[in-house]
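Notes follow once the structure below has been shown.
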Amino acid sequence: MRCMFDRATTCLTILVALASSTGARAQEESATPAGVVELARDDLRSAAPGVDAKKMMALAADEGVRLCTGCPPRRVGHALLQATYINIFYELANLARGQVTAHITPKTWWANMEQGWVWDLDDFLVNQIGHPYQGNNYFNAGRANGLSYWESAGVTAFGSGTWEYFGETNHASLNDLVNTTLGGIALGEMLHRTAWLVRKPTETGRGRLMSEIAATVIDPITGVNRFISGDSSRVSEKPADMVPSKMSGVGAAGVLWRGSSTSVFESAGDPFVEMNLLYGDPTTGRSRMPYDAFVVMFRFGGGGTFSEAKVRGRLLGQPLGDAGRFQFNVSQAYDFSKNTAYQYGAQSFNANFAYSRPLGKNMSIWASGWGGLTALGAVDSIPLTGKPPEEEDGGGDAGQGVSEGPRYYDYGPGGNFGGHAILSHSGRAVVVFLYEGHHLYTLDGVRANHMLQQLRLDLLAPLRGSLGIGTSAEYFDRRTYFHDAPAVQKFHYPQVRVFLTWRIS
């Protein structure tokens, strides 16, 4: 998987082409597809008097049944079949690109099963971004066919596992399985819900069509299914669980200056663009619906094409006490960060305690602390002699991102912890404080314990309307404690940003 963006583009092109040829036949007001029964939740409650709610909802879990007029029909077999189709599309795309690992045979399948799991040598971007994106497509094969979050997680593991054994000639990779499955779940549910924000299923005409196309770019599998079935033109309400309780976002664009380990800043700054999205309200409320609230952040530029991504999706939420000031959440996290001090990517789960209260008429404060377990993390290696040369993109590849080595980063589990506080005026953040710590214990790579820390302070001020201005001071610290030597490698880098902001709500 040498170039995940090429592969993703090829796969998306094939899927959209298929959708366009079929969806063009759909009428503006198409009927319910044959063999599909529509049952809204209110209908279920009146359809079977004397049957309790759990049994009625179990009735809606039958094959081909819609839980609501805008929901996709539930089709478990179709979900697994589409996950297999996704693997076939990736395989055909790799063959077309001449990738040596795409020449699979029953002999290579058997060799993979005999070998068992290995740690692969793919580039950092391929493993920490490309594989989670591939897993997102498996996950949404489930969501696009009416499966729940947890059921779609199983489809993701199915798609990932079958690809590792049967989609390539190289041996099945343990780190790929974890990154594709857990990262795919996090990105998949986030992108699935984001696509539903874009769709306008109650409308008709060109605006409706453009919204469906835009949503298909965000979540290709659900979009393709809607074009094929005719749901892309059928007027209906959005599924109730795809409508967030609240929605807001902040964009930022500016210049970033990085320092060195001697705290001397570079004279030339790097431009960057950042987007933060808040879906739902993770600061309050009882919740048992995964990702009814999540936070996502992407940063482009600032010294690299893609420099940071974070997804925090709530799996469980519970208020503590009667005043509503304390909140407990369990969340799933996806992380990718590339800066001067370190490059880091991880799949983790956290427990979060938060506190909020007003401070006078217009001021309020929200603060949280968290800690959790990292299922698998990756961090660039630090040899005893210092930092290694930068990893070359695609150098020495056997194709499809399968590098013949060396690999310049380590893999292992660990823990993470941190704190976050926001001081707001009239509902708008004016001071933001963030501290994050990550620990990784190397299982494969240079044997060491890695401690990564980030400290950040933002000062924000409104300008006019939705526009604002801000400045941010950050400090990155990295310490590597080697198993086989008493030496400790230490690196620290300051970073300053100046930017304009705009609110989206």
Side-chain angles (χ1 to χ4, degrees), residues 1-9 12 123-134 136 179 183 186-188 190-191 194-195 197-198 214-215 217-220 248-259 265-266 268-279 294-313 333-346 378 380 390-394 401 409 429 432 434 436 452 454 456 458 460 466-474 476 493-504:
M1 288 156 284
R2 176 171 174 265
C3 181
M4 64 281 187
F5 299 112
D6 286 348
R7 177 194 290 179
T9 302
L12 178 61
D123 295 340
F124 188 83
L125 288 175
V126 172
N127 274 343
Q128 302 309 127
I129 296 180
H131 283 292
Y133 181 81
Q134 182 173 340
N136 133 80
N179 287 331
L187 294 185
M190 180 271 292
L191 291 173
T194 303
L197 291 176
V198 175
V217 173
I218 297 170
D219 175 6
S248 63
V250 177
V255 181
L256 179 154
W257 290 269
R258 284 198 173 102
F265 285 95
E266 300 173 0
D270 295 311
F272 75 92
V273 175
E274 181 176 308
M275 181 58 65
N276 294 268
L277 175 67
L278 175 62
Y279 179 104
F294 65 80
V295 179
V296 58
M297 186 275 277
F298 293 106
R299 184 186 297 170
F300 299 88
T305 304
F306 188 62
S307 51
E308 193 164 4
K310 295 179 186 293
V311 177
R312 302 288 187 272
Y334 165 82
D335 285 279
F336 174 86
S337 182
K338 190 172 184 180
N339 55 63
T340 310
Y342 53 79
Q343 58 178 356
Y344 170 76
D380 51 327
E390 287 196 15
E391 186 175 0
E392 296 182 4
D393 185 15
Y409 59 96
V432 178
L434 173 69
E436 286 191 12
L452 317 175
Q454 177 188 3
R456 172 174 168 177
D458 292 358
L460 308 166
S466 61
L467 292 178
I469 190 171
T471 182
S472 175
E474 296 177 87
F476 298 93
Y493 295 90
Q495 182 170 285
V496 173
R497 295 185 294 133
V498 178
F499 49 89
L500 292 173
T501 64
W502 61 96
R503 299 178 68 186
I504 304 169

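Just the heavy atoms: all of them, side chains too, but no hydrogens, waters or symmetry mates, feed the values below. Note that the coordinates shown come from a computational prediction; the quantities given were computed from them, not determined experimentally.
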How many angstroms lie between atom [atom1] of [X] and atom [atom2] of [Y], to the nearest 0.5 angstrom?
X      : Y      : atom1 : atom2 : value
Leu256 : Glu474 : CG    : CD    : 7.0 Å
Phe306 : Ser337 : CZ    : OG    : 10.0 Å
Leu452 : Glu436 : CG    : CD    : 10.5 Å
Gln454 : Leu434 : CD    : CG    : 5.5 Å
Thr501 : Ile469 : OG1   : CD1   : 8.5 Å

Search all heavy atoms of [X] against all heavy atoms of [Y] and return the closest pair with its distance.
X      : Y      : answer
Ala346 : Gln128 : N-NE2, 4.0 Å
Ser472 : Asp458 : OG-OD1, 2.7 Å
Ala333 : Asp335 : CB-OD2, 4.1 Å
Gly301 : Phe272 : C-CB, 4.0 Å
Pro132 : Leu187 : CB-CD1, 3.7 Å
Ala378 : Phe124 : CB-CE1, 3.8 Å

Could you check if a side-chain atom of [X] sits within less than 4.5 angstrom of a side-chain atom of [Y], using non-hydrogen atoms only?
X      : Y      : result
Thr194 : Leu277 : yes
Asn276 : Glu274 : yes
Met190 : Asn136 : no
Arg258 : Tyr493 : no
Leu125 : Phe336 : yes
Val498 : Trp257 : yes

Gln343 backbone acceptor or donor facing Asp380 side chain under 3.5 Å | yes

Give a yes or no answer on whether the side chain of Thr471 reaches the backbone of Arg497 with a donor-acceptor pair at less than 3.5 Å.
-> yes

Partners passing side chain to side chain contact (heavy atoms under 4.5 Å, CB included) against Ala186 (at least two apart in sequence or in another chain) | Tyr291, Gln332, Tyr334

Does the gap between the ring centers of Tyr279 and Phe294 come in under 6.0 Å?
-> yes

Between Tyr342 and Tyr409, does the ring centre distance come in under 6.0 Å?
-> no

